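What follows is one structure encoded as structure tokens, with my remarks underneath.
These numbers were taken from a predicted model, which means no experiment stands behind them. Count residues from 1 along the sequence.
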Amino acid sequence: MTSDPTVTRFAPSPTGYLHLGHVRSALEGWRAARGDGGRFLLRLEDIDQNRCRDEYAAAIIEDLVWLGLSWDGPVRRQSEHFDDYLRALDRLEAMAVVYPCFCTRREIRDEIARADGAPHVRSGSPYPGTCRGLGWRQRAEKQRSGIDYALRLDLARALALTGPIEWVEEQEDGPHRKLADPAPLGDVVLARKDVPTSYHLAVTVDDALQGVTLVTRGEDLATATHIHRVLQALLGLPTPRYRHHELVTDAAGRRLSKRDQPLTIRSMRESGMSPAEIIARAGSTGRGATASAARICDSLSRAGGEVRLRRRGIPDRPAAEAHAARRNRGSPD
């Protein structure tokens with residue numbers, strides 16, 4: 001009996017140009033899917049309409065095409081699927097595991113500062129639960145007043161419903177079961193007054209709707225998996241396997257940022273670097289990464305990517321998008 005083919009996804013946010021760290025993440029998912037005849041999906045996480053820009057979305061598509069990293073099916077843009085997230089949010093509200101929070105960021109910081117021994121994690125102290133105890137009349141009055149608010153997950157109530165939960169983490173020595181421990185993240189934001197989702201809710205819903213079976217992403221997002229497992233359990237969604245890879249860092253050991261212009265794929269292309277050189281460089285950080293990059297280049301070559309791997313220069317954007325559309329036409333959704 002054989003298992004179903006692997007389905008992975010690359011899900012950048014179009015708030016800047018792709019850099020080497022993005023390529024490393026895309027390569028991990030692309031190789032995992034192509035290695036067993038599976039599917040590699042592209043998703044644009046563009047729910048932040050203040051920071052996301054169409055030009056960056058187009059550049060992501062252009063860079064991936066130039067690198068030879070084809071994807072299957074249409075690109076999923078989160079901003080076009082708010083109804084999916086709203087339905088999930090309605091289900092969570094019906095379970096009474098969501099409550100409105102009217103605190104400003106400053107009020108939250110002040111509340112944490114006043115608490116003795118407040119827990120601290122890498123992403124900062126969790127929300128102290130200031131609005132969790134508001135009665136329904138107080139909540140309704142504040143909501144009617146028109147002030148901004150966020151919708152938070154009542155983590156304690158959620159865990160009382162789910163009980164202990166775990167997931168399978170793929171590591172170098174094989175798969176390992178990990179017990180979810182979301183307590184350090186606290187009552188995370190799931191939506192806001194004017195946007196029916198946040199990163200946590202959208203990612204969880206998208207992975208289920210797209211049939212993702214293996215989530216490959218940087219180790220900086222490993223902590224978020226604890227919350228995603230809670231949401232999957234509450235919503236009755238399937239649980240993919242996870243693989244959190246090491247990050248590509250700069251010479252000082254710092255993780256790359258979209259502000260690191262010299263290391264964006266756009267700037268590297270303009271300097272004359274080939275796709276093969278960029279792929280090798282993206283795969284040169286982490287245990288076994290160089291061998292991984294070599295296998296990826298070999299896979300691209302055998303898949304008919306020899307011309308793309310040698311090509312230099314930046315194609316015009318319409319040509320790149322048309323090329324992507326031709327590759328994906330007829331692919332299953």
Inset, instruction - May I ask you to test the L92-L201 pair for a side-chain heavy-atom distance under 4.5 Å? - result: yes

Inset, instruction - Ignoring hydrogens and angles, tell me if any N or O in the side chain of T197 forms a donor-acceptor pair with the backbone of A202 under 3.5 Å. - result: yes

Inset, instruction - State, yes or no, whether a side-chain contact exists between T15 and R53 at a heavy-atom distance under 4.5 Å. - result: no

Inset, instruction - Answer whether the closest heavy-atom distance between the side chains of L214 and P240 falls below 4.5 Å. - result: no

Legend entry - Distance (rounded to the nearest 0.5 Å) between Q49 CD and D194 CG: 10.5 Å

Inset, instruction - List the steps, then state whether side-chain contact (heavy atoms from CB on, under 4.5 Å) holds for W71 with R39. - result: CA-CA 7 Å; W71 59 92; R39 303 178 66 224; over 6 Å; no

Inset, instruction - Please check if any side-chain donor atom of T239 sits under 3.5 Å from a side-chain acceptor atom of R229, or the reverse. - result: yes

Inset, instruction - Identify the heavy atoms of A282 and V23 that sit nearest to each other, and give their distance. - result: CB-CG1, 3.7 Å

Inset, instruction - Evaluate the side-chain contact (heavy atoms from CB on, under 4.5 Å) criterion for residues E93 and L151: first the C-alpha distance (whole Å), next the side-chain angles of each, then the deciding distance (0.1 Å), finally the verdict. - result: CA-CA 9 Å; E93 288 186 306; L151 291 173; 4.0 Å; yes

Inset, instruction - Flag yes if more than 12 heavy atoms outside Q171 fall under 6.0 Å of its CD atom; otherwise flag no. - result: yes

Legend entry - Minimum-distance pair of heavy atoms, taken over all atoms of A191 and P196: CB-C, 3.6 Å

Legend entry - Residues that, via side-chain heavy atoms closer than 4.5 angstrom, fall in one hydrophobic cluster with V215: V7, L41, W167, V212, Y242

Inset, instruction - Flag the pair E45 and R77 as a salt bridge only when some basic side-chain nitrogen lies within less than 4.0 angstrom of an acidic carboxylate oxygen. - result: no

Legend entry - Heavy-atom pair with the smallest gap, counting every atom of H226 and D181: ND1-N, 2.7 Å

Legend entry - Side-chain touch C101/T130, heavy atoms, less than 4.5 angstrom: no

Legend entry - Any L185 side-chain heavy atom under 4.5 Å of L155 side chain: no

Inset, instruction - Can you see which heavy atom on P100 is nearest to which on C131, and at what distance? - result: O-CB, 3.6 Å

Inset, instruction - Answer yes or no on whether K193 is positioned over the face of Y149, meaning its NZ or CZ is under 6.0 Å from the six-membered ring centre and within 45° of the axis. - result: no

Inset, instruction - Give the intermediate values and the outcome of side-chain contact (heavy atoms from CB on, under 4.5 Å) for residues F10 and L18. - result: CA-CA 12 Å; F10 175 51; L18 293 185; 4.2 Å; yes

Legend entry - Cluster check W136, L89: I/L/V/M/F/W/Y, side chain < 4.5 angstrom: no

Legend entry - Straight-line distance of F40 CZ to W30 CH2, nearest 0.5 Å: 9.0 Å

Legend entry - Pairwise distance SG(C52) to CD1(I47) - rounded to 0.5 angstrom: 8.0 Å

Inset, instruction - Indicate whether the side chain of Q210 and that of R76 have a donor and an acceptor atom separated by less than 3.5 Å. - result: no

Legend entry - Same apolar cluster: V189 and L159, side chain cutoff 4.5 Å: no

Legend entry - Residue of the set V188, T225, V230 for which side-chain contact (heavy atoms from CB on, under 4.5 Å) holds with P182: V230

Inset, instruction - Indicate yes or no: does R51 engage D48 in a salt bridge with an N to O separation below 4.0 Å. - result: yes

Inset, instruction - For the pair H22 (side chain) and H19 (backbone), establish whether a donor and an acceptor sit closer than 3.5 Å, ignoring hydrogens and angles. - result: yes

Inset, instruction - Can you measure from OG (S198) to CG (L190) and round to the nearest 0.5 angstrom? - result: 5.0 Å

Legend entry - Check ion pair D72-R34 (N to O, under 4.0 angstrom): yes

Inset, instruction - Would you mind reporting whether Y17 and I265 have side-chain heavy atoms less than 4.5 Å apart? - result: no

Legend entry - A96 backbone acceptor or donor facing R157 side chain under 3.5 Å: yes

Inset, instruction - First locate atom CG of D206, then atom CG of D84, and finally report the distance between them rounded to the nearest 0.5 Å. - result: 7.5 Å

Legend entry - Partners meeting salt bridge (charged side-chain N to carboxylate O under 4.0 Å, His left out) with E170 (sequence neighbours left out): R241, R243

Inset, instruction - Using the side-chain contact (heavy atoms from CB on, under 4.5 Å) rule, take L20 and I278 through it: C-alpha gap first, then chi angles, then the decisive distance, then the call. - result: CA-CA 8 Å; L20 280 177; I278 292 175; 4.0 Å; yes

Inset, instruction - Look up atom CD in E107 and atom CZ in R105, then write down how far apart they are to the nearest 0.5 Å. - result: 12.0 Å

Legend entry - Min side-chain heavy-atom separation L27-L67 under 4.5 Å: no

Inset, instruction - Verify the cluster assignment for V195 and I147: are they in a single hydrophobic cluster under the rule of side-chain heavy atoms below 4.5 Å apart? - result: yes

Inset, instruction - In plain terms, say whether E28 and R24 are close enough for a salt bridge, that is, a side-chain N and a carboxylate O under 4.0 Å apart. - result: yes

Inset, instruction - Taking all non-hydrogen atoms of both residues into account, name the closest pair between V168 and R177 and its distance. - result: CG2-NH1, 3.7 Å

Inset, instruction - State whether D148 and R192 are salt-bridged, where the test is any N-O pair (Lys NZ or Arg NE/NH1/NH2 against Asp/Glu carboxylate O) under 4.0 Å. - result: no

Inset, instruction - State whether a side-chain donor-acceptor pair under 3.5 Å links H245 with E219. - result: no

Inset, instruction - Indicate yes or no: at least one non-hydrogen side-chain atom of E166 is less than 4.5 angstrom from one of H176. - result: no

Inset, instruction - Identify the heavy atoms of Y127 and C103 that sit nearest to each other, and give their distance. - result: OH-SG, 3.5 Å

